[in-house]
Amino acid sequence: MSTKLFTGRVGPKLGSDFFASRRRKFFRRLKKNSVAVIVSNPELTRSNDTEFPFRQSSDVLYLTGYPEHGSAVVLSNIGGVEKFSLFVLPKNQAMETWTGIRFGEKGAIKQFGADAAHPDSEFAKVLAGLISEAECVYYKFGVNAHYDEKFRKLWLESGQAALLNPGDILENLRHFKSKDEVALIAYACEVSAMAHVEAMSLCRPGMFEYQLQTVVESVFGFNGARAVAYNSIVAGGNNATVLHYTSNADRLRDGDLVLIDAGGEYHGYASDITRTFPVNGRFSEAQKEIYELVLSAQLAAIKAVKPGRTLNEIHGIAADRLRRGLVELGIISAEMRTRTGARKAIKKAVAAGTAADLPKLRDFFMHGTSHWMGLDVHDVPSDRSTRDDAVRPGNIFTVEPGLYFRADDRRIPERYRGIGIRIEDDILVTRDGYEVLTASVPKSVDEIESIMAQGKARWSA
Ligand code: GLY
Ligand code: MN
Ligand code: MN
């Protein structure tokens with residue numbers, strides 16, 4: 001592999017005030033005399049007595065960075081006294097010998113800045129005291145069943161202070177990325193971009209999809225992005241028409257395209273990149289026609305980003321471009337060129353009982369153009385109505401139009417069947433427009449073919 005990309009860089013470090021500053025923002029939004037409880041993710045079994053790599057819940061990460069399971073964050077302001085408590089797995093020499101050093105209560109205070117720390121076993125006892133004095137308690141059910149059960153009992157027995165969702169505060173805070181968060185996301189994007197370039201330059205017919213997956217993920221890891229932000233998708237040919245294809249088990253065939261949707265995670269922050277390129281390094285004419293169309297839709301949508309726009313408007317721009325292009329390529333009928341025309345044609349076909357036979361944009365572009373991105377790849381806010389909110393500086397989202405023509409779809413010209421293309425970049429909204437955080441992965445036909453030709457030369461030298 002190219003030594004140039006295996007720099008072994010580790011990326012930006014966190015400032016000392018990184019987490020404390022978020023807790024201050026959280027306290028400012030907490031109602032008076034409240035107790036907010038934010039729990040860790042559960043550890044999940046992979047096989048018998050081994051576990052999946054643990055990923056902390058994004059809310060715990062946001063507020064504290066505490067990395068261990070079996071922990072809960074409590075932020076309270078009873079009587080106006082702001083207090084940050086951590087419940088953690090206690091030190092235990094025998095356990096630590098097997099499964100690694102724990103921070104314990106002392107570490108929670110010293111290294112994570114907690115005002116108080118308790119062993120996990122005291123969760124119910126300590127919280128009962130706090131909740132009995134609270135007017136409001138904040139708790140989100142469904143993250144960790146172990147705590148849900150304990151908390152429900154406590155709340156029911158407590159005289160039932162008002163129950164609120166901490167997400168109402170956290171989702172809004174997490175939606176606006178601070179400068180130091182942007183630096184972490186930008187680094188995740190930079191490392192992931194390098195990984196995609198490396199995959200392009202190493203790709204050869206006959207390789208297995210999982211081999212390209214390994215290339216991409218090793219570049220992530222070697223440069224400090226030690227987890228994937230989501231399961232990597234490496235989909236050759238018709239597999240690319242399965243949106244979340246992750247088996248990555250097939251051979252890549254000469255003449256097919258390969259779609260790679262993969263992003264590394266850095267300090268919990270995601271990146272999310274898709275590129276689609278020809279396995280043999282040269283686009284066929286039919287592939288180029290579809291590729292150029294998806295690219296023009298993506299570029300038009302990105303160009304429209306500025307404060308005040310909405311995700312639904314950005315989606316509309318991409319969808320309109322795709323609809324026009326599909327008419328020009330003879331894949332959908334001319335009356336479908338506009339949104340209104342398409343609506344009418346579909347209505348008519350539904351009335352005639354022929355809707356399934358009528359090719360329409362939705363059949364080939366069946367997902368949204370954008371989602372928010374941050375600590376979760378599909379980040380908060382989770383409310384879909386935020387797609388109609390004006391985007392603001394500090395928001396980060398993807399722009400990822402695609403077209404997917406299944407090999408068995410007889411309604412479309414044969415030359416396009418089995419082609420699946422998505423192009424995805426991560427966009428930061430700035431004061432006067434936007435920044436493409438993943439711009440260093442090329443996406444024009446010429447640039448891609450040139451990288452692949454250079455890669456081939458390197459390997460045959
Ligand atoms: N990688 C998942 C997505 O693009 O939304
Ligand atoms: Mn995405
Ligand atoms: Mn993606």
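Atoms within a ligand are numbered from 1 in the order they appear, just like the ligands themselves.
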Quiz item: Has ligand 1 got any nitrogen or oxygen that is less than 3.5 angstrom from a nitrogen or oxygen of H378?
Solution: yes

Quiz item: Is there a donor-acceptor contact under 3.5 Å linking the side chains of D426 and S271?
Solution: no

Quiz item: Can you give me the OE1-the Mn ion (ligand 3)-OD2 angle for E424 and D261, to 10°?
Solution: 110°

Quiz prompt | Top protein contact for atom 4 (O) of ligand 1, by heavy-atom distance | solution = E400 OE1, 3.0 Å

Self-check item: Distance-only side-chain donor-acceptor flag, N248 / Y210, under 3.5 Å
Solution: no

Practice problem: Check the side chains of H175 and D379 for a donor-acceptor pair under 3.5 angstrom, ignoring hydrogens and angles. | Solution: no

Quiz prompt | E424: numbered ligand 1 atoms lying under 4.0 Å from its heavy atoms | solution = 4 (O)

Practice problem: Round to 10° and report the angle made at the Mn ion (ligand 2) by OD2 of D272 and NE2 of H371. | Solution: 90°

Self-check item: Polar atom proximity, R422 to ligand 1 (N or O, under 3.5 Å)
Solution: no

Self-check item: Donor-acceptor side-chain pairing of S58 and R55 below 3.5 angstrom
Solution: yes

Quiz item: Considering only N, O or S atoms, which atom of E400 is nearest to the Mn ion (ligand 2)?
Solution: OE2

Quiz item: Is the shortest N/O to N/O distance between D272 and ligand 1 below 3.5 Å?
Solution: yes

Exercise. Give a yes or no on this: more than 12 heavy atoms of other residues, nucleotides or ligands lie within 6.0 Å of atom NZ of K150.
Key: yes

Exercise. State which residue, out of R339, R337, H315, fulfils the side chain to side chain donor-acceptor pair (under 3.5 Å) condition with D320.
Key: R339

Quiz item: In ligand 1, which numbered atoms sit nearer than 4.0 Å to a non-hydrogen atom of D261?
Solution: 1 (N), 2 (C), 3 (C), 4 (O)

Quiz item: Does a salt bridge link E181 with R22, judged by any charged N lying under 4.0 Å from a carboxylate O?
Solution: yes

